[in-house]
Every structure is written in C-alpha cells, then in structure tokens.
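Here is how names work: the chains are called A, B, and so on, in the same order as the sequence lines, proteins then strands, and each is numbered from 1.
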Number of protein chains: 2
Amino acid sequence: MEISKLGEFGLIDRLTKNIKPENSSTVYGVGDDCAVLHYPDKEVLVTSDMLMEGVHFDLTYIDMQHLGYKSAMVNISDIFAMNGTPRQLVVNMALSKRFKVEDTEEFYAGLRAACDKWQVDIVGGDTTSSYTGLAISITCIGEAAKEDIVYRNGAKETDLICVSGDLGAAYMGLQLLEREKTVYYQQVDEARQKNDTRTLEELKSFQPDFAGKEYLLQRQLQPEARGDVVELLRQANIHPTAMMDISDGLSSELLHICKQSGCGCRIYEQNIPIDYQTAVMAEEFNMNVTTCALNGGEDYELLFTVPIGDHEKIENLEGVKMIGHITRKEFGAVLVSRDSQEFDLKAQGWDPLLKE
Amino acid sequence: MEISKLGEFGLIDRLTKNIKPENSSTVYGVGDDCAVLHYPDKEVLVTSDMLMEGVHFDLTYIDMQHLGYKSAMVNISDIFAMNGTPRQLVVNMALSKRFKVEDTEEFYAGLRAACDKWQVDIVGGDTTSSYTGLAISITCIGEAAKEDIVYRNGAKETDLICVSGDLGAAYMGLQLLEREKTVYYQQVDEARQKNDTRTLEELKSFQPDFAGKEYLLQRQLQPEARGDVVELLRQANIHPTAMMDISDGLSSELLHICKQSGCGCRIYEQNIPIDYQTAVMAEEFNMNVTTCALNGGEDYELLFTVPIGDHEKIENLEGVKMIGHITRKEFGAVLVSRDSQEFDLKAQGWDPLLKE
C-alpha cells in the first residue's frame, strides 16, 4: 500500500495502535506533543543514533525487520554500556517513495521485537518523507541509580580490561555479504553481456550459500545488546570502573577509555576472544583476524575495566574475558602480539565521516 | 575545511567544546555512551522531530544558521505546548560531502542561539554522513510538575479556544521565497537561451527585494517558541484544559484536540488573528488569507482551550485571542465565516507523506 494513502497521522496510528506502555516510568506515550516520563528515584540516561541508507546499511543485505531490530538494539546497547536499564524508545524515520506501508510495518515489527526483549516502551517519534532513501534516528531513554552509573572516565592503573562475547564476527559477516553481492552482480553482468536470458532468469531466485557461516551473518544482521552481561556483573557484585559498548572496534573504544580516564593500556593479542567461524572466514579472505577484531566494529559487546581485586570473580564469569590491564598514561596504548612484539593501538575503527 | 579531515570524533569535539551545561538537571552531557539527567521531582517530557533536505527545508532559501535555530526551536516549542520547561537537546545530523566543517559550525551556532534563548543544554547526539543531502533529527527533553502538564485531550464543552500571536505569516513567507526563487531561475534560463552573459553575471549577485515583507520572512526562517505565552498564562493563573503548538496549520491541530478530547468546535473567521503583511501578501498572491491561516502551518503559535470562566483573564492577556469555543462532538468542527456561513474544518495541513 502507498504511504500517501494513509498520510502521516494515518501511518503513525497504524504503526502504534497496539503499543501499550509496560514500564511504570512511562506516563504517556505516543499521541501528544511530547511523551511524559516519570523518574523520581533514578538518573535518566539518554542516547541517540542516526542510521542512513547507503552509509550505515544496505537494503540489499538487510531486510526491514532486521534493520528495525538492529536500530533499536544498538541504542539499547548504549544504555547497558552505562550500567543502566533501558526503558523508552523514540523513533524517527524518513522514507522515500519506494517504501510502502508494509515496509514500515516490517521495520516496526523488528523494532518491537528488540524492545520486547528488554521491555522497552516505544513512546513517540516522527514519520516523514525523504527525497532519497531511508533515514532513521533512534533515541533511547533508560535509568540507573546514581551510584551504579559507569562512565568511560573511571579506569585506574592496574585495572583489568575485560570484554564480553567475541569480536570481529559482525565485520566478517559484512565482508561475506559484500562478497556475495559482488559475485551476484558479476554473474548478472556477464549474463547480460551474453544476452543469456535463461541464466538471468535463474539469477532472480539466486540464494547465496551461507551454510556454516550463520553466526557471522547473525552478528551482522541481528546484534544483541549485552544486558545479560550487565546482569551477570551485578549478580557477581562486580562494579566496573569504566565501560562502553564496542560499536566502532576494540582499538577505537579502548582509546576512548584511556583518553577519558587519563591512562594507558596493555592488551594481549592471544587473549582477544575470537569465534571459530570468524577465524575461518578471515583465513578465507586472507585477512588478519586480530585486525578484524581490533577495528571491525558493530559487535556491540561490552568493554569494561574492573579493579584487579576482582580477578577471581571475573575468571568465574562465563562469556567474559580479561584481555589486558590499564597502565600509566606514559606507557601509551599497547597491543602485545603472540610473538611478544609491542604495537601502538590506533583508532582505525569505522568512521562514517572518513568514508570516501 | 573538509569534514573528513576531522573525522567523527574530531568534528564532535570541535562543535561541542564550549558547551557547558547550565541546568541542574544536566548531570553529564556530551562525551559518553549516554547523557545523564536528574529529574527527581518532575515529570520528564520528550519530543523528537526529523527534518530532511528537500522535504522540510531548501538550502536555497535558508542558511545553515537559521536552519539550526529553527530545528531547535520547533522542538522547544513542543515542550512549551505541554506547559513544560525545555532543559536538554540531543542533535543528530547526517551530512553529504558538499557540506564543510564551517557549515556544521554555522548550524551549531544557530542551534546554540535557540538553546541559549531558553537555557537549554545540548547534551549529545550523533554526527554522521549521508549519501544525499542533509538530514537532521532533534530530540528535546523538558520537565513539568505532574499537575501542570497540559495534554491535547482535556478540552470540555463550552471551553474557549485561544491562539497566541497571528497565523499564516510563516506560510506566506514560504510563498514569497518560492516566488523569488522561481523568478530568479526564469531570468537565468532566459539569459542562457539568449547567451546574454552580461545579465548572467549580474544575476550572480541578485538580491531579491523583501522590503516591507521582513515579518513574513522572519516567521518562516526564524520561528519563535512561545515560552513567553506559557509564562503569561502562569502569571495570570490560567491553566489550559488542552494545548498544542500549531505546526501543521490551525485546522489540523484543532481537529487533533477535538478527536482526542471527544468534542466538537466552533471557530469564527473574523477572530482568527492575521498580521497586516500576511493579508497584503495573500492579496498579492490572490489567495484567501483565512485558508492560509487555517492550513498554512509552521507558525509555532500555541493553540489552547480554557474554561469559559477564564474569559475575562484571557481578554486582558496581550497577544492572545479567543477564536471560538468547544462544542459537543455531534456538532462537528465548524468554521463560521464573516458572512455567517458554516463550513466543516478539514485537515488540509501540511503532511509530508502526502506530498507528491
């Protein structure tokens, strides 16, 4: 159905009609000039992200439902990265004419799946049009007790540096999708040049074979915010001194923590957690898997530091790995390779404003 | 300077380096995964808007500084429309390659001018790239005591319908800008066809003559949120039963209030406040000035209802006009014309999703 058939308010009504706020902090959701929230005993956390078609996502790789899921999840991840609890989400989207009502419904289905997973209420937003492509802006609001909030600036010398899950898989998933796309268009081009209509017809139902690489695709297309790790840390009575989520790559994020905490760091290549599929894929692409883990980004794992006294507690935590420790600022930010060489960490993470 | 020279974090540092939070509710601003806010005794209000180049603004009419000002002001306006006080602003922007660092600085200068006017803190946001044009998403956060909040759904039969300021001027300002642009390009086309290089050279420094029409341009390019009116109402001890700001046009907004309050309305053409310049310009364009006021939009004046007992108090308020009253739902939404004919109000306000 054409979106213009419904108009702005018709579309918003349709997308939001079954949304019922679940959190006691949500006083009033969609439908007025503002949403109304109530946070008498907690600090309010606010984070916001913008995702542009062609820059942050490519709709030949990702469908609208996964895109909705991912858009919500990456913002929810920022709330967890402060040691908070996500509560509300505001969604702005601008759509060009090629999008139909059904596309927006799929996008909302994805958004809602992500929000339902963490009991987050969709409380508002703007739905409008765009001349070219799809633009998405999400704001997520959460809460934390003042004493629980973990900033990036609290890391201290000798603190242990930890990461959850594994790194580099989302990046390898993207490489895989890009390769399949390239191969596909090459085949289409060749068939066109030969006027091979039969192959062209077959290519319409082309399905790339991702068998054995499902984990990489899932990490790229359906990232998960690590609220479970935040909960594990709480249960283990571990309070990180600094924390953030890994969206741009481990190197870039570690340098943020070092800069804001006024310290250096020393991490060990052999300790960086890498999944088997990531390693195999890197081999296949002839890439250095550590480089992928350091600079790949989009893993949305948690990077945090804890006092050295928590060493044993961390060792007993499933899915969390110690990769190094915080040093004095003068020692810089250093990666120690498997053969004991030292390298300066550089922020080569993904920067959309450097993209050519 | 090219934005890619600075990269994302360099640009954000540059744009936000002198931003010092002023509000006690702003605990932590730009620089971490989230901003941290503190609202122990108030309700938190949240509103968000998306503005797309080519749809919501045309950079041949408006410069980056005015655009920044307007982007912030229209969101601040939504907080006032709930009878709240704006406190924080989150800014997302996506820029194509034609934008330079200086453009983003001008945009921020406008944003900050609007924020300074109402002591609003810029606490975060995302700055990224776009393949085509400029996309802006602003989220504004404010506060209100629970009992002070004015929703759209509280209008009651016999309530008086009031508007602040005057209507239709922003729309006439846009018409004026569009006419000048059309005239300009016609002249360029003609000169090109005649190969008239001298005229083409002269046209480069073409300055349209807006003398006597400054008010219309100002209303279009530099709208003001009516926090002053909210304050006046407080001082006069008037508590509106329903309120919203007029962004899409009086008709559309009144119908929102009627729908949400479950009532009808009756407004009088002769009472709709219209500025002299708006009337002159409508005449010049051979347009019905009432239609402009009803459907024009972008005035960002306040539309509100008050109990009929406040009649005298409202009469004494400068810059506020009573334009009609709330009726039972069965009577519909009616405009009574100067010659006492009755018309159904229709939502012909600006809807970006209906734009062809």
Closest heavy-atom contact between Met50(B) and Met50(A)? CE-CE, 3.9 Å

Validation row: Pro40(A), Asp41(B) side chains within 4.5 angstrom (heavy atoms): no

Would you indicate whether the side-chain heavy atoms of Phe9(A) and Leu255(B) approach each other to under 4.5 Å? no

Asp49(B) versus chain A, heavy atoms under 4.5 Å apart: side chain, backbone, both or neither? both

Sort Ile136(A) into side chain, backbone, both or neither according to what part of it lies under 4.5 angstrom from a heavy atom of chain B. backbone

Distance, nearest 0.5 Å, that separates OG of Ser96(B) from CE of Met52(A): 9.0 Å

What part of Val36(B) lies closer than 4.5 angstrom to a heavy atom of chain A: side chain, backbone, both or neither? both

With a 6.0 Å cut-off (strictly less than), is the heavy-atom count around NZ of Lys100(B), excluding the residue itself, greater than 12? yes

Nearest atoms (heavy-atom pairs only) where Met82(A) meets Cys34(B): CG-SG, 3.5 Å

If you define the side chain from C-beta out and look only at heavy atoms, does anything of Val55(B) sit under 4.5 Å from Tyr131(A)? yes

If I measure from the heavy atoms of chain A, does Glu2(B) come under 4.5 Å with its side chain, its backbone, both, or neither? neither

In this structure, NZ of Lys42(A) is separated from NE2 of His38(B) (nearest 0.5 Å) by 13.0 Å

Mind ranking Asp78(B), Thr47(B), Asp32(B), Asp126(B) by heavy-atom pairs under 4.5 Å with chain A and telling me who comes out on top? Asp32(B)

Check each atom of Asp245(B) against the heavy atoms of chain A and say whether the ones under 4.5 Å are side chain, backbone, both or neither. both

Applying side-chain hydrogen bond (donor to acceptor under 3.5 Å, both in side chains), can you list everything that pairs with Glu22(A), at least two apart in sequence or on another chain? none

Need one label for Val27(A): side chain, backbone, both or neither, based on atoms under 4.5 Å from any heavy atom in chain B. side chain

For Thr139(A), is it the side chain, the backbone, both, or neither that has a heavy atom closer than 4.5 Å to a heavy atom of chain B? side chain

Quick one: what part of Ile257(B) sits under 4.5 Å from any heavy atom of chain A, side chain, backbone, both or neither? neither

Hey, does Arg152(A) have a side-chain heavy atom less than 4.5 Å from the side chain of Asp33(B)? yes

Partner chain B: residue of Ala35(A), Ser25(A), Gly10(A), Ser130(A) with the largest heavy-atom pair count (under 4.5 Å): Ala35(A)

Heavy-atom proximity to chain A below 4.5 Å, by part of Ile79(B): both

Quick check for you: to the nearest 0.5 Å, what is the distance between Asp248(A) atom CG and Glu8(B) atom CD? 6.0 Å

Would a 4.5 Å heavy-atom cut-off, applied to side chains only, mark Ile141(A) and Val46(B) as touching? yes

Rounded to the nearest 0.5 Å, the OH atom of Tyr39(A) sits from the CG atom of Leu37(B) at a distance of 10.0 Å

